[in-house]
Amino acid sequence: MRRGAAVLALLAAGGSCRRQPPPPWSDASPHGVTYVAVAPGVQLEVLDWGGTGPNLVFLSGLGDVAHGFDDFAPQFRDQFHVVAITRRGYGASTRTPTGYDLATRLRDLTVALDSLNIGKAILVGHSMAGDELTGFAGAHPERVLALVYFDAAYDHSVLNDLIGGYPQQPPAPADSASPRAFQRYQLVTFGMLIPESQIRATEVFDAAGHLRSDVTPGTVDSQMLAGAGHPDYSKVQAPALAIDAVIDSAPQMFPRWSKFNDSTRAQGRRFAAKIMAWGSDQRAIFRKAMPAARVVELHGANHYVFYSNRNDVVREMRAFLGTVASGGQPSAVSHRQAR
């Protein structure tokens, strides 16, 4: 995805016609923004939507920031105190030369929660944040009320090798003209509905609104992947809900499949086959290691399950958290088709 963004930026830079500056933009999500110090010279951005009840803490996936939950998290304020944290290196949080291994990320999370006076919490993590959910729950079982994995209960240590075969996507030159245009590009090319606030927090746009670069260099992503470690579910005591996007075919992964040539389609099939095999193996490992966890498999869903299957995810979360609050035992596995 970063390669695609770079291509778009180069194409956009070639234009010579003048444009009027875009109108001022503001983040409409109803959150406050604060920063907490987690190490000398290191601050993490925290979004707080308010609400009363148990603490519900959202953690982002690789390359993402807390603003990725801007359009999703606020709906839980009726029953929870809702916050989201941007890990170091991304968005408005401090970028450091090192500190992206799992052990450091767990220390950052622990200090951040302490600074926010959050003693116990329900942790909700997307994608690679699953590592932090599992690690924190194992290290601090007394502080975790429940875990919710958004396509996140996987071993991400091999992810760098897996994504190496991702096929090159068709560039869309006009889609680098503004944050909203880039948002559309992400949707039609990768099937990801990313809030504009996250796009503005993770990408650099010039005064005319053209995409120029990523806020976070790829070296940070590489360190995250290299320091992922392996999830140890045996130490997790908290109730858990895993909502997984299940890939059933290569065309499902690539919204622009009809535009691929034969060579790109062959590459896409090979990539999809690897991802499907890895995902199936990982889900089996999770179910065996955590037999009491509830696993919801959404066939046809996008990796950003909380947007592609918003209604399913909200329903499953509320049912699960309601069961946890009442002291009941959630059922183990559910299979659903994407809607």
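Throughout, residue positions are numbered sequentially from 1 according to the sequence presented.
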For [Y], does its backbone N or O pair with a side-chain atom of [X] as donor and acceptor, under 3.5 Å?
X	Y	answer
Asp214	Pro217	no
Ser178	Ala181	yes
Arg77	Pro74	yes
His156	Tyr154	yes
Ser60	Val65	yes
Gln198	Gly68	yes
Gln183	Ile194	yes

Which value, rounded to the nearest 0.5 Å, describes the distance between [X] atom [atom1] and [Y] atom [atom2]?
X	Y	atom1	atom2	value
Leu193	Phe72	CG	CZ	12.5 Å
Asp151	Ser308	CG	OG	9.0 Å
Asp70	Phe58	CG	CZ	11.5 Å
Tyr35	Thr94	OH	OG1	9.5 Å
Phe205	His210	CZ	NE2	10.5 Å
Leu159	Ser127	CG	OG	7.0 Å

* Phe69 and Phe76: ring pair (Phe, Tyr, Trp, His ring centres under 6.0 Å), yes or no, with the steps? -> CA-CA 11 Å; Phe69 299 108; Phe76 291 96; over 10 Å; no
* By side chain to side chain contact (heavy atoms under 4.5 Å, CB included) - contacts of Val158 (at least two apart) ->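 Counting only residues at least two positions away or on another chain, Val158 forms a side chain to side chain contact (heavy atoms under 4.5 Å, CB included) with Leu162, Trp278.
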I want to check something: taking the side chain as every heavy atom from C-beta on, are [X] and [Y] in contact at a cut-off of under 4.5 Å?
X	Y	value
Leu109	Leu59	yes
Pro179	Glu203	no
Asn302	Phe190	no
Glu297	His299	yes
Asn309	Glu316	no

* **Glu132/Arg87 under salt bridge (charged side-chain N to carboxylate O under 4.0 Å, His left out): CA gap, chis, key distance, verdict** => CA-CA 11 Å; Glu132 283 139 287; Arg87 67 170 61 84; 2.7 Å; yes
Partner residues of [X] under the ring pair (Phe, Tyr, Trp, His ring centres under 6.0 Å) criterion, sequence neighbours left out:
X	answer
Tyr233	Phe286
Phe80	none
Tyr100	none

* To do: Begin from the C-alpha positions of Leu298 and Ile243 and carry the test side chain to side chain contact (heavy atoms under 4.5 Å, CB included) through to its verdict.
  => CA-CA 7 Å; Leu298 299 175; Ile243 303 178; 3.6 Å; yes
Pairing residues for [X] by the salt bridge (Lys or Arg N to Asp or Glu O under 4.0 Å) criterion, not counting sequence neighbours:
X	answer
Arg269	none
Asp108	Arg88
Asp131	Arg105
Arg265	none

* Kindly assign one of parallel, tilted or perpendicular to the pair Phe260 and Trp257, based on the angle between their ring planes and the thresholds 30° and 60°. =>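 Judged by the thresholds at 30° and 60°, the geometry between Phe260 and Trp257 is tilted.
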Distance-only check: which donor-acceptor pairs under 3.5 Å involve side-chain atoms of residues 134-150, not counting sequence neighbours?
residue : atom : partner : partner atom : Å
Thr134  : OG1  : Gly130  : O            : 3.1
Thr134  : OG1  : Tyr149  : OH           : 2.8
Arg143  : NE   : Gly119  : O            : 2.9
Arg143  : NH1  : Asp114  : OD1          : 2.8
Arg143  : NH2  : Asp114  : OD1          : 3.0
Arg143  : NH2  : Ile118  : O            : 2.7

Short side-chain donor-acceptor distance under 3.5 Å, [Y] and [X]:
X	Y	result
Thr104	Arg107	yes
Ser234	Asp232	yes
His31	Asp27	yes

* Measure from the ring center of Tyr304 to the ring center of His126 and say whether it is less than 6.0 Å. =>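 Yes, the ring of Tyr304 comes within the 6.0 Å limit of the ring of His126, centre to centre.
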* To do: Under the salt bridge (charged side-chain N to carboxylate O under 4.0 Å, His left out) rule, what do Arg287 and Asp244 come out as? Steps first, then yes or no, please.
  => CA-CA 12 Å; Arg287 287 194 296 267; Asp244 297 325; 6.0 Å; no
* For the residue pair Val215 and Arg95, what are the closest heavy atoms and their distance? ->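 Of all heavy-atom pairs spanning Val215 and Arg95, the closest is O-NH1, 3.1 Å.
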* Could you list all the salt bridge (charged side-chain N to carboxylate O under 4.0 Å, His left out) pairs where at least one residue sits in residues 49-69, not counting sequence neighbours? =>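 Pairs touching residues 49-69 that pass the test: none.
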* Does one hydrophobic cluster hold both Val246 and Val296, with members joined at side-chain heavy-atom distances below 4.5 Å? ->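 No; tracing contacts between hydrophobic side chains, which count when under 4.5 Å, never links both residues.
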Under 3.5 Å, sequence neighbours excluded: what are the donor-acceptor pairs made by side chains of residues 37-56?
residue : atom : partner : partner atom : Å
Glu45   : OE1  : Thr86   : OG1          : 3.0
Glu45   : OE2  : His67   : NE2          : 3.0
Asp48   : OD1  : Gly50   : N            : 2.7
Asp48   : OD1  : His81   : NE2          : 3.1
Asp48   : OD2  : His81   : NE2          : 3.1
Trp49   : NE1  : Ser29   : OG           : 2.8
Asn55   : OD1  : His81   : ND1          : 2.8
Asn55   : ND2  : Lys120  : O            : 3.1

* Apply side-chain hydrogen bond (donor to acceptor under 3.5 Å, both in side chains) to Ser157 and list each qualifying residue two or more places apart in sequence or on a separate chain. =>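 With sequence neighbours excluded, Ser157 shows a side-chain hydrogen bond (donor to acceptor under 3.5 Å, both in side chains) to Asp155, His230, given in chain and number order.
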* Asp101/Gln223 under side chain to side chain contact (heavy atoms under 4.5 Å, CB included): CA gap, chis, key distance, verdict -> CA-CA 7 Å; Asp101 57 288; Gln223 289 185 64; over 6 Å; no
* To do: In sequence, state the C-alpha distance, the side-chain angles, and the governing distance for Leu225 and Met128, and then conclude on side chain to side chain contact (heavy atoms under 4.5 Å, CB included).
  => CA-CA 9 Å; Leu225 291 168; Met128 201 165 176; 4.1 Å; yes
* Asp262 atom CG, over 12 foreign heavy atoms within 6.0 Å ->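 Counting neighbours around CG of Asp262, 12 or fewer heavy atoms of other residues, nucleotides or ligands fall under 6.0 Å, so no.
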* To do: Decide yes or no on side chain to side chain contact (heavy atoms under 4.5 Å, CB included) for Gln75 and Arg310, but give the supporting numbers first.
  => CA-CA 11 Å; Gln75 66 193 303; Arg310 182 187 182 112; 3.3 Å; yes
